[in-house]
Amino acid sequence: MMDWLTTVFTPDDVWWLEVWVDDWFLVIALGLFVVEMLRYVLKKKFTKNLLGDSVANFATLGAFIVIVALVATAYAGVFFYVYEEFRLADLPITPWTILCCIVLADLAYYWEHRFLHQNGFGWATHTVHHSSPHFNISVAYRHGPMDWFFPLFFHLPLALLGFHPFVIFLAEVIVQVYQTLLHTETVKKLPRPIEAIFNTPSHHRVHHATNKQYLDKNYAGIFIIWDKMFGTFAEEKEEVRYGVFPRINSVNPVKVFFSGYVKLFQRLWQAKGFGYRMKLLIKSPTWAWEQEQKQQNRTAQSSQ
């Protein structure tokens, strides 16, 4: 076992593994999605809206794949440039370094994910993922148009540390495919040791909730310990209500895909003054929503 952990792989080996994981996991996820839909049918919870929402989720995935195909060369090029010119160490590609990279990529994802919830520009793309009123495997593939952009800044330090870009990309994929399995109501609670260390469907349902006590909680990818360490953990105790405010109330994939930035640009257009526009970009979406509520209350009071 120890000998295998120190086996040196080539970059081509890692690239092949990443493609294999990415492709086959989608097949597995589609199979699980069918099982989930059958469960909803048996429980008499299958609706036209649920079907339309699920189709929209996969449609946003298609749009996201097209965008990634257009930017992939430039995205990868930045990682290779930093790795070739500025890396601090020459880390071999072994199972040990791959495991270390996965853990560090998961930590990087935690902070990226938390960042997306804390400012208007990031939330405009991430809100797409949260906007579904349902919670099933297809929601894992509900992407926004700029979801490819932000991981660059949070994962680039791994190239600086000396991890080969292909290893970083593999780690990113593993963090993402792990989370795919979390988007389900089928699994309730897992054994306590697992719930204590790993992100689980229960923990991730909390993250997708609009319940006040659950807002901005459980940002973890694989390890829920990051949330416990940095004070953002909440346990699922009461029934979760999914979605965002304001609700988009649509299964049109085009509207779903661009909903976040359409809303942001509307707010920027209607804003009075440069300072307020900057606050819309850098302050949390909760702040923007609270300002709108205050304005509506003032308008209602003045009309009385």
Side-chain angles (χ1 to χ4, degrees), residues 49 53 56-57 59-60 63-64 66-68 70-71 74-75 108-134 139 142-154 156 206-219 230-232 234 240-304:
N49 183 268
D53 187 78
N57 294 340
T60 65
F64 179 68
V66 170
I67 294 175
V68 169
L70 294 174
V71 302
Y75 184 90
Y109 173 81
Y110 168 87
W111 287 108
E112 175 204 342
H113 196 180
R114 187 167 175 173
F115 172 83
L116 293 176
H117 279 254
Q118 298 303 318
N119 66 91
F121 185 68
W123 178 247
T125 189
H126 192 56
T127 187
V128 177
H129 181 64
H130 281 263
S131 61
S132 173
H134 306 286
V139 175
R142 190 179 179 102
H143 287 288
M146 293 291 286
D147 283 1
W148 60 272
F149 178 70
F150 296 98
L152 174 68
F153 303 98
F154 289 86
L156 198 58
V206 166
H207 179 69
H208 275 255
T210 58
N211 310 51
K212 187 174 182 180
Q213 71 272 31
Y214 291 156
L215 292 179
D216 297 327
K217 301 294 184 181
N218 298 3
Y219 297 109
F230 301 119
T232 53
V240 171
R241 300 185 299 274
Y242 306 108
V244 294
F245 294 116
R247 298 188 182 279
I248 60 173
N249 295 322
S250 176
V251 295
N252 182 328
V254 176
K255 185 174 181 179
V256 169
F257 192 61
F258 294 106
S259 60
Y261 282 108
V262 168
K263 182 63 178 177
L264 176 62
F265 291 145
Q266 287 175 342
R267 284 171 167 167
L268 291 172
W269 179 261
Q270 296 167 0
K272 295 181 180 180
F274 177 78
Y276 189 80
R277 290 189 176 93
M278 288 302 299
K279 289 179 181 179
L280 287 171
L281 292 174
I282 64 176
K283 282 184 171 289
S284 74
T286 302
W287 177 86
W289 181 81
E290 288 174 345
Q291 303 314 302
E292 290 181 345
Q293 296 304 302
K294 290 178 181 178
Q295 181 59 43
Q296 290 176 9
N297 291 336
R298 286 194 292 267
T299 302
Q301 291 174 358
S302 62
S303 62
Q304 291 178 353

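- Shown here for Thr127 and Gly260, the closest heavy-atom pair between the two residues is CG2-CA, 3.4 Å.
- Rounding to the nearest 0.5 Å places CZ of Arg267 at 15.0 Å from NZ of Lys279.
- More than 12 heavy atoms of other shown residues, nucleotides or ligands fall within 6.0 angstrom of atom CH2 in Trp111.
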(message) Using the rule given for side-chain contact (heavy atoms from CB on, under 4.5 Å), can you reason through Met146 versus Tyr261, listing the C-alpha separation, both sets of side-chain angles and the distance that settles it, and then say yes or no?
(response) CA-CA 10 Å; Met146 293 291 286; Tyr261 282 108; 3.5 Å; yes

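- Using a 4.5 Å cut-off on side-chain heavy atoms (C-beta onward), Tyr242 and Ser132 make no contact.
- The aromatic rings of Phe150 and Phe115 are tilted relative to each other, their planes meeting at an angle between 30° and 60°.
- The closest side-chain donor-acceptor pair between Asn57 and His134, if any, does not fall under 3.5 angstrom.
- Annotation: the span from Ser131 atom OG to Lys263 atom NZ amounts to 13.5 Å, rounded to 0.5 Å.
- Between His130 and His207, the closest side-chain pair of non-hydrogen atoms falls below 4.5 Å.
- Residues Val128 and Val256 meet the side-chain proximity criterion, which asks for heavy atoms closer than 4.5 Å.
- Taking 4.0 Å as the cut-off between side-chain N and carboxylate O, Arg142 and Asp53 count as a salt-bridged pair.
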(request) Please assess Phe230 against Arg114 for the test side-chain contact (heavy atoms from CB on, under 4.5 Å), listing each intermediate value before the final yes or no. (result) CA-CA 11 Å; Phe230 301 119; Arg114 187 167 175 173; 3.7 Å; yes

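- Judged purely by atom type and a 3.5 angstrom limit, Asn119 uses its side chain to pair as donor or acceptor with the backbone of Gly122.
- The closest side-chain heavy-atom distance from Gln291 to Tyr276 is below 4.5 Å.
- Side-chain atoms of Ser284 never come within 3.5 Å of backbone atoms of Gln118 as a donor-acceptor pair (strictly under, hydrogens ignored).
- The side-chain heavy atoms of Trp287 and Leu280, taken from C-beta on, include a pair separated by under 4.5 Å.
- For Tyr75 and Phe149, the distance between ring centers is not under 6.0 angstrom.
- Contact annotation: the side chain of Asp147 never approaches that of Ile67 to less than 4.5 Å [non-hydrogen atoms, C-beta and beyond].
- The distance from atom CD1 of Ile282 to atom CZ of Phe121, rounded to the nearest 0.5 Å, is 13.5 Å.
- Between Ala59 and Pro253 the shortest heavy-atom distance is CB-CB, 3.4 Å.
- Across all non-hydrogen atoms, the minimal contact from Pro285 to His117 is CD-O, 3.3 Å.
- Defined by atom type and a distance below 3.5 Å, a donor-acceptor pair is missing between the side-chain atoms of His143 and His129.
- Although no hydrogens or angles enter the test, the distance criterion places a donor-acceptor pair under 3.5 Å between the side chain of Asn218 and the main chain of Ala234.
- A donor-acceptor pair under 3.5 Å is absent between the side-chain atoms of Arg241 and the main chain of Thr210, judged by distance alone.
- Residues Leu264 and Gly120 share a closest heavy-atom pair of CD2-O, 4.0 Å.
- Using modelled atom types, one side-chain atom of His113 and one backbone atom of Tyr219 make a donor-acceptor pair closer than 3.5 Å.
- The NZ atom of Lys255 sits 15.5 Å away from atom OG1 of Thr60, with the distance rounded to the nearest 0.5 Å.
- Taking 4.5 Å as the limit, some side-chain heavy atom of Phe257 sits within range of a side-chain heavy atom of Pro145.
- Interatomic distance, Asn252 CG to Phe258 CZ, rounded to the nearest 0.5 Å: 11.0 Å.
- Contact of the Gln266 side chain with the Trp269 side chain is not registered, since no non-hydrogen atoms from C-beta on lie closer than 4.5 Å.
- One finds the OG1 atom of Thr286 at 11.0 Å from the CZ atom of Phe245 (value rounded to the nearest 0.5 Å).
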